[in-house]
Amino acid sequence: MNYILGFFMVLFAAKGCEEQFNYTSIDYEAASRGVYHHVRVEGNTLISEHSRDGSDRITKELTASQVSELNRLAQTFVATTADDIENPSDAPDRDAAVPVKVLVVGGTYSRSASFDRGNPPARVAPLVGRLLLLAEAP
């Protein structure tokens with residue numbers, strides 16, 4: 001009987017840990033003098049814009065499987081990142097690359113990464129790739 005009770009306690013504890021990693025929002029922003037691209041996901045809504053004034057804003061509703069996939073990729077990024085990932089390159093300082101910031105926010109956590117556009121760190125690359133594909137897809 002104790003084994004059954006223990007099993008259910010572990011099951012509920014694991015379910016609670018899984019829920020704690022659900023993202024509240026995911027932000028991707030690439031910005032320099034001539035380039036701007038902002039993608040924001042809140043729940044199942046994706047907003048993408050290429051102008052600072054928001055005149056070309058596109059809003060999409062994501063399917064449950066797309067939200068689940070983004071959440072899984074965000075969980076992987078959050079779980080493998082102890083602190084902010086900083087860009088090892090100084091190319092944005094010389095206008096040789098567009099700086100990008102990615103921010104994943106959840107109920108009890110936030111993780112960010114800064115890197116050159118087109119060159120994300122391995123820990124954030126799957127999330128960034130999928131996010132950009134969803135933003136560009138019709």
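At a threshold of 4.5 Å between side-chain heavy atoms, the hydrophobic network of Ile, Leu, Val, Met, Phe, Trp and Tyr places L62 and L131 in one connected group. Hydrophobic clustering keeps I47 apart from V67 (ILVMFWY residues linked when any side-chain heavy atoms are closer than 4.5 Å, directly or through intermediates). V41 is not connected to V105 by any chain of hydrophobic side-chain contacts under 4.5 Å among Ile, Leu, Val, Met, Phe, Trp and Tyr, and they are in different clusters. One hydrophobic cluster, built from ILVMFWY side chains closer than 4.5 Å, holds both L134 and I26. Residue Y109 is grouped with residue V102 when hydrophobic side chains (ILVMFWY) are merged at heavy-atom distances under 4.5 angstrom, including chains of intermediate members.
Summarising the geometry, atom CD belonging to Q66 is positioned 13.5 Å from atom CG belonging to N71; distances are rounded to the nearest 0.5 Å. A distance of 11.0 Å separates NE2 of H50 from OG of S55, quoted to the nearest 0.5 Å. Separation of atoms CD (E69) and OG1 (T63) is listed at 9.0 Å; rounding is to 0.5 Å. The distance from atom CG of L70 to atom CG of N22, rounded to the nearest 0.5 Å, is 12.0 Å.
In terms of heavy atoms, G118 sits closest to P120 at C-CD, 3.5 Å. A pairwise comparison of heavy atoms in L46 and A135 identifies CD2-CA, 3.8 Å as the closest pair. When all heavy atoms of V100 and A30 are compared, the closest pair comes out as CG2-CB, 3.8 Å. Contact record, V35 with R52: O-NH1, 3.9 Å, taken as the closest heavy-atom pair. For the residue pair V98 and A31, the shortest heavy atom distance occurs at CG1-N, 3.8 Å. The two residues V39 and S48 make their nearest non-hydrogen contact at CG2-OG, 4.1 Å.
A perpendicular orientation is assigned to the rings of Y28 and H37, their planes being inclined by more than 60° (bins at 30° and 60°).
A salt bridge links E49 with R57: the distance from a Lys NZ or Arg NE/NH1/NH2 to an Asp or Glu carboxylate oxygen falls below 4.0 Å.
Other residues, nucleotides and ligands place no more than 12 heavy atoms under 6.0 Å from the CZ atom of R117.
Judged by distance alone, the side chain of D27 and the main-chain N or O of L103 form no donor-acceptor pair under 3.5 Å.
If you check the side chains of Y23 and Q75, you find no donor sitting under 3.5 Å from an acceptor.
Using a 4.5 Å heavy-atom cutoff, the side chains of S25 and R40 are in contact.
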